[in-house]
Every structure is written in structure tokens, then in C-alpha cells.
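Below: the structure, in C-alpha cells.
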Amino acid sequence: MTLAKRLLVGSLVLILALVVGVVAIAGSRLRDRLAEETRRELEREARLVGVQWKSGGNADSLADAAGAALGRRVTLIDSTGVVRGDSQFDDDALRNLQNHFTRPEVVGARATGTGTSMRKSPSAGDDEIYVAVRHPLGYARVSESTAKFHEIVAGARRDVLTAGLFALLGALIIAFAFSRSVSRPIAELRDVAQAIAAGDIERRPTLAAPGEVGDLAVALHRMTEQLATRMNALESEDALLNAVIDSLDEGIVAINGRADVVRLNGSARRLLRAEAKVPFSIDMLPRERLIRDSIRAAMSGTPTDPAELSLGERTLLVTARPIPDGGAVLAIMDLTTRRRLETIRRDFVANVSHELKTPLTVIGGFAETLRDRDLSDTDRSRFLETIESNTRRMHRIVDDLLDLSRYESGTWVPNVTSNDLSGVVADVFTAVSTTAKEKGSALSFQATPDARRVDADPTALRQVIANLVENAVRHTTRGGVTVSAEASATGGTTIRVSDTGTGIPTEHLGRIFERFYRVDSGRARGEGGTGLGLAIVRHLVEAHGGSVHAESIVGQGTTITVFFPRKAAG
């Protein structure tokens with residue numbers, strides 16, 4: 001039942017109870033009051049009749065005259081209880097009336113001077129109120145029928161009931177209006193509170209009512225404003241936290257007390273290859289023992305120390321920490337690049353040491369041999385040539401290392417100009433022609449008309465072409481080396497250096513641009529390579545914003561493709 005109906009029903013019950021109570025109490029009080037007033041009046045009239053009752057007079061005539069004058073029944077009773085006169089009976093009837101000596105009103109008058117009673121009259125046959133006063137000759141009694149009482153009380157009750165019904169109707173109208181005025185704002189406050197509980201913090205109470213309801217509306221409005229402010233602050237903090245977590249290179253996985261993943265950032269998805277939408281069970285994470293043991297320990301309240309594991313081709317560092325609700329946070333760091341760089345650094349140190357140790361050993365050995373005074377001039381000259389050759393090799397290694405260090409540091413910026421590619425290739429071919437002729441390798445150059453000019457740093461372009469051609473000639477013993485160029489559809493120039501050499505196995509193609517990496521280290525070193533040429537090529541091309549990649553078939557040859565973008569106008 002709604003509040004308006006409850007108020008209306010309550011008001012109806014209350015008013016009905018009040019009307020019934022008023023009718024009952026007013027009727028009873030009115031009847032008692034009428035009886036008391038009548039008794040007093042009857043007493044006065046009885047005393048008045050008693051004054052006129054004289055000894056020797058006709059008592060019955062006096063009773064009749066007094067009864068006619070007063071409009072009441074008048075009875076004169078002697079001291080023995082015999083009725084001497086009655087306004088309602090004639091002489092014959094008087095003789096048949098009962099003795100009144102024991103009537104309650106007579107008994108009361110004999111005892112106190114005045115007696116009263118209300119009873120059904122044996123002679124008159126109706127309810128009457130009797131008042132008797134003591135008199136020297138007996139008792140003077142005046143009586144009145146109670147029928148008038150009942151009529152007056154019934155009329156009064158009807159009037160009160162009629163007034164009560166009109167009051168009830170008016171009260172119902174007022175109660176209805178009041179209940180509506182109270183229930184409407186309360187219903188609105190209820191709807192607003194339900195909307196806020198459902199998450200609609202934009203809802204506000206619109207009423208402006210006086211009293212407690214208005215105070216409640218103002219309080220609800222203020223509470224909603226504060227709630228909205230706090231919700232916006234929480235949403236901002238949550239968005240900031242999500243942005244921070246998602247921007248981390250470190251993977252973060254949050255697990256609740258029910259062993260469900262409730263949050264993970266993009267790095268964690270990438271490292272763990274997790275594609276499911278949160279929340280999902282930890283059973284959908286990789287089934288690595290280290291991960292499971294770390295989560296289990298953290299959920300039991302024990303943090304774990306960082307530990308490494310291999311997941312596919314990646315090396316990960318996993319740490320788990322407990323959170324208050326019985327869950328855990330898993331932190332995952334990708335160590336793949338770091339471990340690869342450490343491996344490259346170790347290989348680089350080992351390679352540099354090895355590359356320098358070999359010519360130094362040769363130089364030291366032959367220098368010591370030259371101390372022999374009995375050495376022939378022919379051997380001495382041959383040893384000196386070997387020392388000079390290894391010295392030049394060391395010089396090339398050091399120069400290449402210095403160049404590579406400068407390019408990798410990012411301090412070198414290419415000075416891009418337009419270059420005649422055919423002239424650069426011709427100069428490079430001239431430098432390697434002797435070696436190519438000794439190996440029986442032909443040198444050729446092909447370029448489309450729109451690719452004869454290349455936007456690049458002149459020195460860098462010459463070094464790139466020279467390193468690629470020298471490397472191709474070094475590994476080609478038959479066929480030849482071809483340099484070709486064509487304009488790219490994306491804007492720029494694509495240059496290819498192809499040879500018909502031994503080729504490179506597929507598993508080595510991804511690493512040939514690393515420093516000192518050799519597919520066949522003994523053969524390359526014997527042919528004078530430093531192992532740094534392709535690494536220098538990659539850095540020079542990428543510094544121009546270009547790209548380089550290799551294609552090869554074992555036994556058929558290798559093609560190195562470089563792309564130089566076109567210089568922007570202006």
C-alpha cells in the first residue's frame with residue numbers, strides 16, 4: 001500500500017473513531033445532564049406544590065390544578081403512604097392505587113427531606129423520573145416522563161452524527177490533499193534514491209518543500225553532489241591508474257581471492273599471450289610451473305623473489321606479491337632484449353679480441369722471426385709483407401669499429417644530396433676490379449632512367465655500395481656481381497647488389513647484419529673481411545630513414561636490397 005493510501009486510511013479510521021466516541025460520550029453526558037436539570041426543576045416544583053398543600057384542603061383538586069399548570073404529573077401522599085391526590089387519576093382510581101410508602105423517592109424524602117428515583121411507573125406504564133419532598137402532611141411528588149430525554153438525546157446524537165459525517169467528508173478531502181502533498185515529494189525522493197543506487201548520479205531532486213521533507217531533499221541533493229564528485233575523482237584516478245599500468249613495459253596481472261584474473265595490461269597480454277576477456281580463471285594463463293608456484297605462494301600470503309623463465313622465444317622475470325583480499329599481483333618483465341644485448345656484448349668482446357688477437361699473433365711471431373740474422377732476404381721480405389698485411393687488417397678493423405660506434409651513437413646525421421649512382425658504382429667497381437678479375441667474377445650495373453640519381457649522404461652512399469660489392473666479390477668464385485637500381489613506388493630508390501656465390505643458409509639471414517657475425521668465419525677472415533661491413537651498411541641506411549634486407553639461396557647466391565627514401569622538398 002502506498003504512503004498516500006496509508007495516510008488516507010489512517011485518517012479515515014481516526015475520524016470515524018472520534019465521531020463514534022463523540023456520539024457515545026455526548027449522548028451519555030447529555031442524558032445525565034438532562035436528568036440532573038429535570039431533577040432540580042422537579043424538586044423546585046414539588047416544593048412549590050407543597051407550599052400550597054394545606055390541611056383540610058382537597059388534595060386531589062390541588063394535584064389536578066398543579067399538574068395542569070406545570071404540565072407534569074403531581075402526586076400528594078400522606079405520611080402513611082396513601083395517595084391523596086394525583087393529577088393523572090380521578091377519585092375512583094385513587095382508591096385503587098398502591099401504597100407509596102415504600103417508593104424509593106418517598107423513602108429518600110423521609111430520610112433526607114428530598115428523594116429521587118428513575119423507574120418504570122406501575123400506574124402510568126412508562127419510564128419516569130420522580131422527585132419527592134417531605135411535607136408536614138406527607139410528601140409532595142412531581143414526576144416527568146423520560147421519553148423527552150430520549151428524544152432530545154437521539155436528536156443530539158443525530159445532529160452530532162450529521163456534523164461528524166460532514167467533518168469526515170471534509171477531513172477526507174483535507175487528508176487526501178495532505179497525503180498527496182506528502183507522498184509526492186517522498187515518492188520523488190524515493191525515485192531519486194533508487195536511481196542513485198542504480199548508478200545514475202546525475203539525478204537530482206527538483207522539489208523545494210518546507211519542513212522536514214524539504215530538508216531531506218536538500219540533504220539528498222548535497223549527498224548526490226558529493227557522491228558525484230567522489231565518483232568522478234575515483235573514475236579519474238582509475239583512468240589514470242589504468243593509463244599508467246597500460247603504459248608500462250612491465251606486465252602486470254591482478255588476481256582476486258577466487259583465483260580469477262581481474263586486470264592485466266597490454267604488456268602482460270603480449271608476454272603471456274592471453275587473449276581472454278577479464279575476468280577469467282588463472283587456468284587460462286600459461287601452464288608454466290614457475291608462474292603457478294609464484295601465484296600460489298602469493299595467494300597464501302608469501303611474496304616471491306624474482307625468478308627467470310623461458311616462455312617460447314622470450315626470457316621473462318616473474319615476481320608475485322600478495323594483496324589484502326587474498327589475491328595476488330604478478331609482475332612480469334621481458335628480459336629478452338637485455339639478454340640478447342648481453343649476448344651481443346659478450347660476442348662483440350670475444351669477436352674483437354679474436355679479430356685483433358690473430359693479426360697481433362702473426363705480427364708478433366714474424367717480428368720475432370725477423371731477429372734471426374741468418375734469415376734470407378726472400379723470407380725476410382715475405383715476412384715483412386705478412387706483417388704489413390696484418391697491420392692493414394687491424395687498421396681496417398679499428399676504422400670500421402670507430403665508424404660503427406659513431407653511427408650507433410646517433411651523433412652522426414647524414415647530409416643528404418642528389419648523387420649520380422652510376423658514378424659511385426663505377427668508382428667502387430674500379431676499386432674491386434683486380435680482385436674480381438682474379439676470381440673470374442664479372443661486374444655489371446643496371447639502372448632504370450628514373451633511378452640513376454639517389455638522395456643520400458655522398459660518403460655514406462659510397463661506403464654502402466663499396467661494402468656490399470666488396471662483400472659480394474669476396475664470396476663469389478664464379479659468375480659475377482650485379483648492382484641494379486629502380487625507383488620505388490613509395491618514393492625513393494631501391495638498390496640491389498646480387499652475386500652468384502655460395503649463398504647463406506636461411507637460419508643465418510636474420511643475423512648477418514650483426515657485428516662480427518659470419519656464416520663461415522674462417523673463410524671470411526681468410527679473405528680479409530672484418531665482419532663489420534653489413535652492420536655499418538644497416539646503420540647508414542637506417543640513418544637515412546631507409547631499410548635493408550637480405551635474400552639468399554644456398555649454392556645460387558645472395559641479394560642485398562637497400563632502400564633510400566626521396567629527400568623531402570624544401
Side-chain angles (χ1 to χ4, degrees), residues 336-359 392-414 424 428 431-432 456-476 481 483 494-499 501-552 558-565:
T336 306
T337 302
R338 181 184 299 180
R339 294 293 178 258
R340 182 173 61 83
L341 292 176
E342 290 176 354
T343 301
I344 292 174
R345 180 180 56 82
R346 289 194 298 269
D347 293 345
F348 175 74
V349 173
N351 287 330
V352 169
S353 300
H354 185 71
E355 293 293 338
L356 294 178
K357 181 179 179 181
T358 300
R392 287 192 298 271
R393 173 174 171 74
M394 289 178 60
H395 191 271
R396 287 198 304 272
I397 292 175
V398 171
D399 286 344
D400 285 348
L401 283 173
L402 291 174
D403 289 342
L404 188 60
S405 175
R406 184 161 56 95
Y407 300 147
E408 288 182 339
S409 66
T411 59
W412 179 79
V413 178
V424 174
V428 172
V432 300
D457 184 277
T459 304
L461 177 63
R462 185 177 300 275
Q463 191 169 5
V464 167
I465 301 298
N467 284 347
L468 293 178
V469 171
E470 288 174 1
N471 196 60
V473 171
R474 188 179 303 117
H475 294 89
T476 302
V481 175
V483 177
T494 300
I495 302 173
R496 295 182 178 86
V497 178
S498 305
D499 63 60
T502 56
I504 303 171
T506 304
E507 63 269 20
H508 295 286
L509 281 176
R511 300 191 60 189
I512 63 173
F513 295 100
E514 296 178 6
R515 295 169 294 185
F516 293 115
Y517 187 83
R518 293 189 176 93
V519 177
D520 185 353
S521 59
R523 179 181 176 186
R525 188 176 294 109
E527 293 178 350
T530 64
L532 297 172
L534 291 180
I536 292 174
V537 168
R538 177 171 65 88
H539 283 287
L540 288 175
V541 174
E542 291 179 352
H544 285 76
S547 60
V548 57
H549 67 276
E551 298 173 355
S552 183
T558 303
T559 298
I560 306 294
T561 303
V562 297
F563 168 72
F564 286 97

Practice item. Output all residues satisfying side-chain hydrogen bond (donor to acceptor under 3.5 Å, both in side chains) with Thr336, sequence neighbours left out; order by chain, then residue number. Key: Asp334
**Study point:** With sequence neighbours excluded, residues passing side-chain hydrogen bond (donor to acceptor under 3.5 Å, both in side chains) with Asn471
**Key:** Arg474
Check your understanding: Of all heavy-atom pairs between Val432 and Glu470, which one has the smallest distance, and what is that distance?
Key -> CG1-CG, 3.5 Å
Point to revise | Positive for side-chain contact (heavy atoms from CB on, under 4.5 Å) with Leu468, one of Val428, Val537, Ile495, Val483 | key: Val537
**Study point:** Residues in salt bridge (charged side-chain N to carboxylate O under 4.0 Å, His left out) contact with Glu551, at least two apart in sequence or another chain
**Key:** none
Exercise for review: Please tell me if the side chains of Phe563 and Val541 come closer than 4.5 Å, counting only heavy atoms from C-beta onward.
Suggested key: no
Check your understanding: Do you know the tightest heavy-atom contact between Ala456 and Leu461?
Key -> CB-CB, 4.1 Å
Check your understanding: Who passes side-chain hydrogen bond (donor to acceptor under 3.5 Å, both in side chains) against Thr559, sequence neighbours left out?
Key -> Ser498
Point to revise | For Ser552, all residues meeting side-chain hydrogen bond (donor to acceptor under 3.5 Å, both in side chains), sequence neighbours excluded | key: Thr558
Check your understanding: What pair of heavy atoms forms the shortest contact from Val548 to Arg538, and how long is it?
Key -> CG1-CA, 3.9 Å
**Study point:** side chain to side chain contact (heavy atoms under 4.5 Å, CB included) partners for Pro414, two or more places apart
**Key:** Trp412, Val416, Asp457, Ala543, His544
